[in-house]
S.K.: 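Structure provided below as structure tokens; questions to follow.
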Protein chains: 2
Amino acid sequence: MTDQTGQAILEPTGGSRAGNRALSVMDQIREAVLNGSVAAGKRLNEVRLSRTLAVSRTPVRAALQALAGEGLLDYAPNRGFTVREFPLDAIVDAYEIRASLEGVAARFAAERGLSPDEKATIERSLGAGDRLLERGSFEAGDLTIYREINGDFHDTLLAAARNRMLAEMIRICHHVPVSSSRNIVAFEHRDVRRRHDDHHRIYEAVIAREPWRAEMLMREHVSSVKASLVKFLTERSRDNETDAAAAGPLPG
Amino acid sequence: MTDQTGQAILEPTGGSRAGNRALSVMDQIREAVLNGSVAAGKRLNEVRLSRTLAVSRTPVRAALQALAGEGLLDYAPNRGFTVREFPLDAIVDAYEIRASLEGVAARFAAERGLSPDEKATIERSLGAGDRLLERGSFEAGDLTIYREINGDFHDTLLAAARNRMLAEMIRICHHVPVSSSRNIVAFEHRDVRRRHDDHHRIYEAVIAREPWRAEMLMREHVSSVKASLVKFLTERSRDNETDAAAAGPLPG
DNA sequence: TCAACAAATATTACATACACTTTTGCCGCT
DNA sequence: AGCGGCAAAAGTGTATGTAATATTTGTTGA
């Protein structure tokens with residue numbers, strides 16, 4: 001068992017969050033888990049992690065406990081923490097859950113109304129998307145840009161829902177390893193255009209204060225992303241003949 | 001500031017979970033938070049807790065971390081953990097979120113089907129409820145019994161959904177302080193009867209493999225519980241003229 | 001060759017000491 | 001009195017040692 005793989009990716013950098021090594025360590029471990037550099041099911045060794053990250057075991061333990069709370073790790077008494085397994089089923093289900101939750105968020109936003117700032121941000125996002133899609137085809141980097149635009153739209157609407165529990169749950173859905181949106185870039189222009197149209201309609205429903213229509217549209221919107229993902233994953237697993245359980249990270 | 005209140009409720013008992021003080025401490029603190037014996041917004045002092053519970057700070061910190069992960073506590077660097085505030089709005093929203101999530105769970109259960117054991121459990125729950133409701137009025141303790149019946153129904157359907165993330169999120173919704181179902185017992189016979197009828201219909205939809213109907217029925221079902229809660233809370237806050245922010249625990 | 005058991009090793013659980021940050025409260029000043 | 005600043009106190013963050021538990025390794029006997 002040469003299990004020194006993976007954990008070498010983690011580097012003893014000071015980390016971004018000053019004044020709290022536990023949080024910094026937490027970010028680094030989460031990053032390593034999300035981008036797949038530590039394999040699912042793998043046991044995370046405290047002392048090795050602390051050596052690798054050049055801190056003591058205490059902040060490492062704190063980080064592991066917090067990440068278990070986020071649902072990224074499993075904990076078993078006297079056996080420590082392991083990277084949680086996310087079979088393909090669970091990943092697809094996570095989209096379904098997210099669709100439902102973001103639907104509620106859209107409904108809340110439509111009920112509660114948007115602040116001027118939020119309106120401005122969303123309208124900027126919609127305009128930027130329109131301009132990006134005008135050309136009819138994508139150039140290099142365009143998908144990365146659209147991902148940002150897409151994130152602004154969803155984040156702002158979620159903020160307008162004004163509910164912390166909802167925000168945290170949706171965040172958890174986003175933090176599913178492998179399926180994490182940043183790993184998915186291989187979408188076609190037509191798909192993106194249709195989703196951007198969805199954004200327009202959702203925003204109209206929110207502005208028109210039509211909560212249930214907003215919810216329904218948002219649900220359908222996220223569900224369609226799920227459908228694209230499934231299509232992408234099945235095609236990919238047909239191409240390279242690895243196992244279909246979505247073990248490895250997707251191509252960036 | 002006489003802030004030694006509340007924490008005196010916690011006792012240095014060995015705790016139920018053997019072999020792991022952190023988990024035992026976690027259970028005790030959660031209990032204290034859920035039943036309202038430590039007030040919302042209050043700061044949880046590590047050293048005092050460790051003295052009260054007769055353990056060192058290490059398992060206390062672990063427990064606090066985990067509870068923060070459950071969403072019951074807030075954490076701020078260098079300032080420790082505080083009991084999270086749940087304004088009435090957030091409590092009501094939590095029911096809305098739960099309605100959406102349990103709806104998805106019912107859909108999944110209808111798609112995936114129930115095991116023979118699960119069918120048996122649910123049918124037992126339905127039968128027990130029928131018998132309890134036959135008399136037309138409640139006696140002392142009947143509501144407690146029905147709470148158990150109700151719990152069996154929902155738990156079993158959730159298990160049949162076969163999705164861990166969903167189960168954890170719904171569990172979080174259940175663990176909202178004050179609103180925690182065990183604190184709510186003041187429901188009328190007619191309400192319970194109607195909800196039990198809901199259970200029958202939901203089960204029929206699940207057995208008939210009608211996922212979307214099951215989802216819709218479950219959503220409506222949980223939403224109606226929310227409505228009852230709102231009615232109950234507003235009436236209560238009209239009676240005793242304390243603040244309407246639902247600060248104290250509800251009468252058992 | 002394999003199973004069962006025991007010693008050795010590895011790893012986590014807990015306690016505690018020290019470092020650093022925040023809060024408290026006192027004091028002198030205006 | 002009210003305010004600013006400094007020092008003491010309290011509290012959290014981190015490191016590390018020890019105890020308890022799990023895992024591996026090695027040995028023995030069938």
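Numbered from 1 within each chain, the chains take letters A, B, ... in sequence-line order.
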S.K.: Mind checking what makes side chain to side chain contact (heavy atoms under 4.5 Å, CB included) contact with A:Ala159, not counting sequence neighbours?
M.R.: A:Glu118
S.K.: Is the shortest side-chain N/O distance from A:Ser56 to OP1 or OP2 of D:dT14 below 4.0 Å?
M.R.: no
S.K.: Counting only pairs under 3.5 Å, give me each side-chain donor-acceptor contact of residues 104-111 of chain B, with atom names and distances, residues two or more places apart or in other chains.
M.R.:
| from | atom 1 | to | atom 2 | distance (Å) |
| --- | --- | --- | --- | --- |
| B:Arg107 | NE | B:Glu215 | OE1 | 2.3 |
| B:Arg107 | NH1 | A:Glu96 | OE2 | 3.3 |
| B:Arg107 | NH2 | A:Glu96 | OE2 | 3.4 |
| B:Arg107 | NH2 | B:Glu215 | OE1 | 3.3 |

S.K.: Please state whether the phosphate of C:dC14, meaning OP1 or OP2, lies under 4.0 angstrom from any side-chain nitrogen or oxygen of B:Thr58.
M.R.: no
S.K.: In whole Å, I'd like the distance from the CD atom of B:Glu46 to the C1' atom of C:dC20.
M.R.: 14 Å
S.K.: Which residues, if any, of residues 59-75 of chain A bring a heavy atom under 4.0 Å of DNA chain D?
M.R.: A:Pro59
S.K.: Given D:dT14, is OP1 or OP2 found less than 4.0 Å from the side-chain N or O atoms of A:Arg57?
M.R.: no
S.K.: B:Arg51 has an atom CZ; how far is it from atom C1' of D:dG11, in whole Å?
M.R.: 11 Å
S.K.: Please determine, by modelled atom types, if B:Ser50 and B:Ser56 share a side-chain donor-acceptor pair under 3.5 angstrom.
M.R.: no
S.K.: Over how many whole Å does the gap from A:Arg43 atom CZ to C:dT11 atom P extend?
M.R.: 8 Å
S.K.: Between C:dA15 and B:Arg21, is there an OP1 or OP2 to side-chain N/O distance shorter than 4.0 Å?
M.R.: yes
S.K.: For A:Arg164, is there an ion pair with A:Glu168 - N to carboxylate O distance below 4.0 angstrom?
M.R.: yes
S.K.: Looking at C:dT12, I'd like to know if its phosphate oxygens (OP1 or OP2) sit under 4.0 Å from a side-chain N or O belonging to A:Asn78.
M.R.: no
S.K.: Between D:dT14 and A:Asn20, is there an OP1 or OP2 to side-chain N/O distance shorter than 4.0 Å?
M.R.: yes
S.K.: For the pair A:Asp74 and A:Arg79, find out whether any cationic side-chain nitrogen is under 4.0 Å from an anionic carboxylate oxygen.
M.R.: no
S.K.: Which of these, A:Thr144, A:Ile145, A:Ile149, sits in a side chain to side chain contact (heavy atoms under 4.5 Å, CB included) with A:Arg147?
M.R.: A:Thr144
